Visitor: 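This is the structure I have questions about; it appears just below.
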Number of protein chains: 2
Amino acid sequence: MKQRETLGPVENAVGYVLKQAAVALRGAMDDALRPLHLTVSQYSCLELLGQRPGLSNAELARGVFVSRQSMNLVLRGLEERDLVARAATAPRGRELPTELTAAGRDLLDAASAAVLAVQTTMCAGLTVARQQELLDTLTVCIRNLDGHP
Amino acid sequence: MKQRETLGPVENAVGYVLKQAAVALRGAMDDALRPLHLTVSQYSCLELLGQRPGLSNAELARGVFVSRQSMNLVLRGLEERDLVARAATAPRGRELPTELTAAGRDLLDAASAAVLAVQTTMCAGLTVARQQELLDTLTVCIRNLDGHP
DNA sequence: TGCTTCATGTCAGCATCCTGACATACAGTG
DNA sequence: CACTGTATGTCAGGATGCTGACATGAAGCA
């Protein structure tokens, strides 16, 4: 492998490094979740459902930052594997609340552990205070950006 | 619009916020670049070529964190619009160095300004020191992650 | 020299996610 | 009550990115 040195000025751009970090994290999560036959989107959906049972498709989509249509596909795949169960009728509006099945919760537990390991790896060498500052700073960036829609 | 309050525990996960920030940034860049008829990938390619003329397809792909195949398509689109020019023959190996055309550089200048504005918006209210710490922390995260391939 | 290894460019197929569109269900207002 | 606006689930089509595969060119080594 011909190791390539870093690129230069672009490395100093926040956006560039942010994208690089997101790509690296996604790759690591993919690797960690592959043994469980879960994609990152599927895991994100399960995790959200674990924390907030009864979320509808549209709510899940917003929580995972994808479109309703994409989340719909994810949800169908999970339903086919009996990891989640969707209500057959809509108790309010057109919302179809979704919940984890027992199998879904079991798989989620394993997946959460795997993802936690990834996050621990990622944050190795960072103090809790520094992690918190990272969180806070990113939150500021997010708010600054979606203030301009 | 029924404003939904924040989700809860997942918001405390570094990975979650990181993904959210990357999505928000990409959206803002898309908006900023749309008037120039450039996608984020195309802009990234131009920016990299502007800073490092003569990069090959594979080198560009690594720099933008996409596959060679994807970068190949981006490059063809840019070449069709006469924004870049690829060498017809390979001076070394199979590498085909690419450079910006005059039109490409002009468009890149406009695009750079638009993206800089986005970055400025994103970092509003952050001191230079805090931006630098963000950069440093993310760099640590990246190194931690790709140390496990 | 020949063999192995690696990197590159490119083709093909597949997966994922998006936008656009439509019908339905509820809330608010006249 | 009818009308408007908003939110949801879903279908269709298209854009984008990926993996797998192949042939070519260069470098290293026996």
Side-chain angles (χ1 to χ4, degrees), chain A residues 1-5 19-20 22-24 26-31 33-34 37-45 54-80 84-98 149, chain B residues 1-5 19-20 22-24 26-31 33-34 37-45 54-80 84-98 149:
Chain A
M1 176 76 78
K2 175 168 54 173
Q3 182 57 19
R4 184 145 202 94
E5 59 277 6
K19 177 175 180 179
Q20 187 177 3
V23 168
R26 180 169 190 108
M29 286 180 66
D30 268 327
D31 292 342
L33 292 171
R34 192 168 303 120
H37 303 287
L38 281 178
T39 66
V40 173
S41 295
Q42 288 172 331
Y43 158 73
S44 303
C45 179
L55 284 186
S56 70
N57 177 32
E59 291 168 319
L60 285 168
R62 279 191 294 267
V64 182
F65 316 115
V66 297
S67 65
R68 289 180 315 227
Q69 295 87 337
S70 296
M71 180 52 69
N72 206 331
L73 290 181
V74 171
L75 226 40
R76 287 189 196 180
L78 294 175
E79 195 177 16
E80 226 168 85
V84 305
R86 304 186 74 177
T89 66
R92 195 185 68 213
R94 302 197 63 185
E95 295 184 12
L96 298 177
T98 308
Chain B
M1 178 75 78
K2 177 169 52 174
Q3 182 58 15
R4 184 145 201 92
E5 59 276 6
K19 177 175 179 178
Q20 187 177 1
V23 169
R26 180 169 188 105
M29 285 179 67
D30 268 327
D31 293 341
L33 292 171
R34 191 168 304 119
H37 304 286
L38 281 178
T39 66
V40 173
S41 295
Q42 289 172 330
Y43 158 73
S44 304
C45 179
L55 284 186
S56 71
N57 177 32
E59 291 168 319
L60 285 168
R62 280 192 293 268
V64 182
F65 315 115
V66 298
S67 65
R68 284 173 312 191
Q69 296 86 334
S70 296
M71 180 51 70
N72 206 332
L73 290 181
V74 172
L75 226 40
R76 288 189 196 180
L78 294 175
E79 194 177 15
E80 227 168 83
V84 305
R86 304 186 75 177
T89 67
R92 194 186 69 214
R94 301 195 64 185
E95 295 184 12
L96 298 177
T98 308

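It should be emphasised that the depicted structure is a prediction, and the values quoted were computed from it without experimental measurement. Chain letters run A, B, ... following the sequence lines, proteins first and then strands; every chain starts at 1.
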Visitor: Kindly write out the residues that satisfy side-chain contact (heavy atoms from CB on, under 4.5 Å) with B:A58, not counting sequence neighbours, or none if the list is empty.
Guide: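 Result, side-chain contact (heavy atoms from CB on, under 4.5 Å) vs B:A58: B:S56, B:R62, B:R68.
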
Visitor: Counting C-beta onward and ignoring hydrogens, is there a side-chain heavy-atom pair between B:K19 and A:V64 closer than 4.5 Å?
Guide: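 A side-chain contact exists here, since the closest heavy-atom pair is under 4.5 Å.
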
Visitor: Please give, in whole Å, the distance from C:dC14 C1' to A:L73 CG?
Guide: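 Rounded to the whole Å, the gap is 14 Å.
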
Visitor: Rounded to the nearest 0.5 Å, how far apart are OH of A:Y43 and CG of A:L38?
Guide: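 Taking OH in A:Y43 and CG in A:L38, the distance rounds to 10.0 Å.
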
Visitor: Rounded to whole angstroms, how far apart are CZ on A:R26 and P on D:dG17?
Guide: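 Between P of D:dG17 and CZ of A:R26: 13 Å.
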
Visitor: Output one line per pair: protein atom, nucleotide atom from nucleotides 13-15 of chain D, and distance, for all N/O pairs under 3.5 Å.
Guide:
none

Visitor: At a cut-off of 3.5 Å, list every protein nitrogen or oxygen paired with a nitrogen or oxygen from nucleotides 10-13 of chain C, distance to 0.1 Å.
Guide:
from	atom 1	to	atom 2	distance (Å)
C:dT10	OP2	B:N72	OD1	3.3
C:dT10	OP2	B:N72	ND2	3.1
C:dT10	OP2	B:R86	NH1	3.2
C:dT10	O4	B:Q69	NE2	3.4
C:dC11	OP2	B:R76	NH1	3.4
C:dC11	OP2	B:R76	NH2	2.5

Visitor: When you measure from the side chain of B:R62, which nucleotide among D:dG17, C:dT8, C:dC17 comes out closest?
Guide: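 Of the candidates, C:dT8 comes closest.
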
Visitor: Find the distance A:E59:CD to D:dG9:C1' and express it as a whole number of Å.
Guide: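 Rounded to whole Å, this separation is 13 Å.
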
Visitor: Closest approach of B:C45 and B:M71, non-hydrogen atoms and distance?
Guide: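 The pair with the smallest heavy-atom distance is SG-SD, 3.8 Å.
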
Visitor: Looking at five pairs on each end of the helix from C:dT1-D:dA30 to C:dG30-D:dC1, what is the angle between the two axes, given to 10 degrees?
Guide: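 Computed from the C1' atoms at both ends, the axes differ by 20°.
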
Visitor: How many Å lie between CD on A:E95 and P on D:dT6, as a whole number?
Guide: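 So the two atoms are 17 Å apart, to the nearest Å.
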
Visitor: Taking side-chain contact (heavy atoms from CB on, under 4.5 Å) as the test, write out the residues that go with B:R86, two or more places apart.
Guide: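 Applying side-chain contact (heavy atoms from CB on, under 4.5 Å) to B:R86 gives B:N57, B:N72, B:L75, B:E79, B:L96, B:T98.
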
Visitor: Just by modelled atom types, is the A:T39 backbone N or O under 3.5 Å from a matching donor or acceptor in the A:Q42 side chain?
Guide: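 It does hold such a pair.
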
Visitor: Just by distance, with hydrogens left out, do A:S70 and A:S67 show a side-chain donor and acceptor under 3.5 Å apart?
Guide: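 Judged by distance alone, the side chains do pair up.
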
Visitor: On DNA chain C, compare the nucleotides closest to A:G93 and A:F65; which residue's is nearer the 5' end?
Guide: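 This one resolves to A:F65.
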
Visitor: With a 4.0 Å limit, can you tell me whether A:S41 has a side-chain N or O closer than that to the phosphate oxygens OP1/OP2 of C:dT16?
Guide: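 Indeed not, no polar side-chain atom of A:S41 lies that close.
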
Visitor: For a 4.5 angstrom cut-off between non-hydrogen side-chain atoms, does A:P97 reach A:P91?
Guide: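 Answer yes - side chains close enough.
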
Visitor: Of all residues at least two apart in sequence or in a different chain, which pass the salt bridge (charged side-chain N to carboxylate O under 4.0 Å, His left out) check with A:R34?
Guide: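 For A:R34, the residues satisfying salt bridge (charged side-chain N to carboxylate O under 4.0 Å, His left out) (neighbours in sequence not counted) are A:D31.
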
Visitor: Rounded off to whole Å, could you give me the CZ-to-C1' distance for the B:R92 and D:dA27 pair?
Guide: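 The answer, rounded to whole Å, is 12 Å.
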
Visitor: Under 4.0 Å from OP1 or OP2 of C:dT8: is there any side-chain N or O of B:S56 that close?
Guide: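 Checking B:S56 against C:dT8: no side-chain N or O falls below 4.0 Å of OP1 or OP2.
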
Visitor: Does B:S67 put a side-chain nitrogen or oxygen below 4.0 Å from OP1 or OP2 of D:dC18?
Guide: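 For D:dC18, OP1 or OP2 has a side-chain N or O of B:S67 closer than 4.0 Å.
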
